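Please read the structure below before turning to the comments.
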Number of protein chains: 2
Amino acid sequence: METRELRYFIAVAEESHVGRAAQRLGMAQPPLSRAISQLERRIGAHLFVRSPRGMTLTTAGETLLREGRAALAAVEAAERRTRRAIVAAGRATVVLTAKAGASSELMAKLLDAYAAEPDAVDVEVVLSPPGHQGPMLRDGRADVAILHQPFDDLSGFDADTLCVEDQVLIVPAGHPVSRAASLTVAESRSIPDLPPPRWPRLDGTYPDGPGPELRDLTQVLQLVRLGRAAILMPESARVNAGEGLAVVPVSDAPPVTTVIAWPPQSVSAGVAGLVRTASRLYASPRG
Amino acid sequence: METRELRYFIAVAEESHVGRAAQRLGMAQPPLSRAISQLERRIGAHLFVRSPRGMTLTTAGETLLREGRAALAAVEAAERRTRRAIVAAGRATVVLTAKAGASSELMAKLLDAYAAEPDAVDVEVVLSPPGHQGPMLRDGRADVAILHQPFDDLSGFDADTLCVEDQVLIVPAGHPVSRAASLTVAESRSIPDLPPPRWPRLDGTYPDGPGPELRDLTQVLQLVRLGRAAILMPESARVNAGEGLAVVPVSDAPPVTTVIAWPPQSVSAGVAGLVRTASRLYASPRG
DNA sequence: GCAACGCGATACCGCGCCGGTATCACGCGA
DNA sequence: TCGCGTGATACCGGCGCGGTATCGCGTTGC
């Protein structure tokens, strides 16, 4: 199977409509229709059931969609990382991605310690909204990531645990809720004038809701200070908090585990060194 | 990048020689040469350094070889699993692979328990030599596997622990070594007339050495009875041992952990059910 | 009940790309 | 210096991809 066929199949499967898929792929409908038929003939299975309303996946088709997405991501990851492996000024580079604004103290310590290593390579840090790190690691935009359990999906990655923390609700100082002894997660989500902020989805759009649209931690702390939002965060965020903020314990919030994760088939010297440094600093290997 | 290009690249990288790679691919040398040049131009990096002795990988090339092998395996896995997902007689099938002959009691229990589930699908069991299970899971010849730490590479798989056992050396009854109170691994490998057996590599060939060539546990136990070999195995193998065999503890052999493993992007209903049953029976999830 | 619409499939065509043969350029060893 | 082995280039033929035009068919609307 060629990646071209896989791309075509995924487009049709996602659109459930050959015409729209063709449009998305920038081609005409008939060749796409034919390509899908050829793929079905080569695989030896019907991938879609045709109806006058469009195309629906069969069981085999669902399998190919699930597996094919991962496979296509792997191919694109291989290409991206190869392109990035071109030695720039005699020195390779590693791309590390993390939640924007979070765990800044931990990351500063890690990067400083790694930079002091004799064989350290340059580390490019890419900060992105929560939940975007896993996909970046999977499709090769990053080589190594700081992830957070239980929020991020670690499946397919190797990982070392860096730290475990409880979560607290950060609210504007002086707000009535700041005097509460403790809250539940459900309560923290339904404070009338302090809606939880909204983070962008993978495609960059935002879910509906009353909360403000955000991209990083600086923005959210500013909004909390302005009395426009409340946010559930690991305790360590308190050190960045400063004036104008108060902290309320949340009784039933799960503890959050910060890990350093990497795709196992992608251990360049840079990634290995970075992980080794992290393990040395935080010493509690897992994977 | 197309999988055709990836296959060509991997062949040339592995052969370090365009001509031999072309022969292996069943094509002439010039188009392969051109395809590699095109790939390099499209990626924007030199993947090989050309010498009059052949082709050597650059750093970028090494990255593409490492990542590309995994990516190609993922594509082939997608295709194989799709082909297998064709509903056969109204019933899907799951392929489970395990070391030939080993852990038969555990597997029998697992398969019986699963077959009793209301929504169980057919399970095809594929027994293969030690070390072949991981690759089969990676390239889609199997959906779920019984693996053994620390021998098998679990990276990229999700897994649940089933049991942990110590290892013992199985020797012919009456052999002088059977009267030893305990041995080290090094000692167990160097008993003059009882060489460790040889298992096939992934390509089916055997490493050099004095020991007999084997493919499954039945063969090895027979050979041990005949006084031709000694083998290091988990304790549970004793139950299959029967007459003519003796067991010697091995002091420094690492304990072996039996796990059920599966590729995270490939959780069909059958795999999920099988894993659920295994966890229920052995209850010690690992992630 | 019939016409119009929307869906995917088919027919046909042209061109680009892939793979083939023949040959070249070049470094190395005899 | 010549021959050998390496990969690269030149050129050609055919397959396959993608394009336009059109069909078959089921659904929907009046």
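Since we're looking at a predicted model, the values are computed, not measured. Below, read A as the first sequence line, B as the second, and so on, with proteins coming before strands; counting in each chain starts at 1.
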Practice task
Identify whether any heavy atom of B/Q38 sits under 4.0 Å from a base atom; if not, whether one sits that close to sugar-phosphate; answer base, sugar-phosphate or nothing.
Solution key: sugar-phosphate
Among [options], the nucleotide that comes nearest once only the side chain of [X] is considered:
X     : options                : value
B/P30 : D/dG26, D/dC17, C/dT21 : C/dT21
B/H17 : D/dT28, D/dG19, D/dT6  : D/dT6
A/R34 : D/dA10, C/dC12, C/dA9  : C/dC12
B/P31 : C/dG19, D/dT20, C/dA9  : C/dG19
B/P52 : C/dA9, D/dT27, C/dG27  : C/dG27
B/Q29 : D/dG7, C/dC18, C/dC28  : D/dG7
A/Y8  : D/dG18, C/dG19, D/dT28 : D/dG18

Residue pair [X] / [Y], side-chain donor-acceptor N/O under 3.5 Å:
X      : Y      : answer
B/T82  : A/E67  : no
A/E124 : A/T93  : no
A/T97  : A/S128 : yes

Can you measure [X] atom [atom1] to [N] atom [atom2] for me and round it to whole angstrom units?
X     : N      : atom1 : atom2 : answer
A/F48 : C/dC7  : CZ    : P     : 16 Å
A/L39 : D/dC17 : CG    : C1'   : 15 Å
B/L32 : D/dA8  : CG    : C1'   : 12 Å
A/M27 : C/dG8  : CE    : P     : 13 Å
B/E2  : C/dG19 : CD    : P     : 12 Å

Handout entry: Position toward the 5' end of DNA chain D (nearest nucleotide), A/R4 or B/S37
Key = B/S37
Practice task
Would you mind checking if B/E40 and B/R50 are paired as a salt bridge, meaning a charged N to carboxylate O distance below 4.0 Å?
Solution key: yes
Exercise for the section: May I ask you to decide whether A/R24 forms a salt bridge with A/E15, counting only side-chain N to carboxylate O separations under 4.0 Å? Expected result: yes
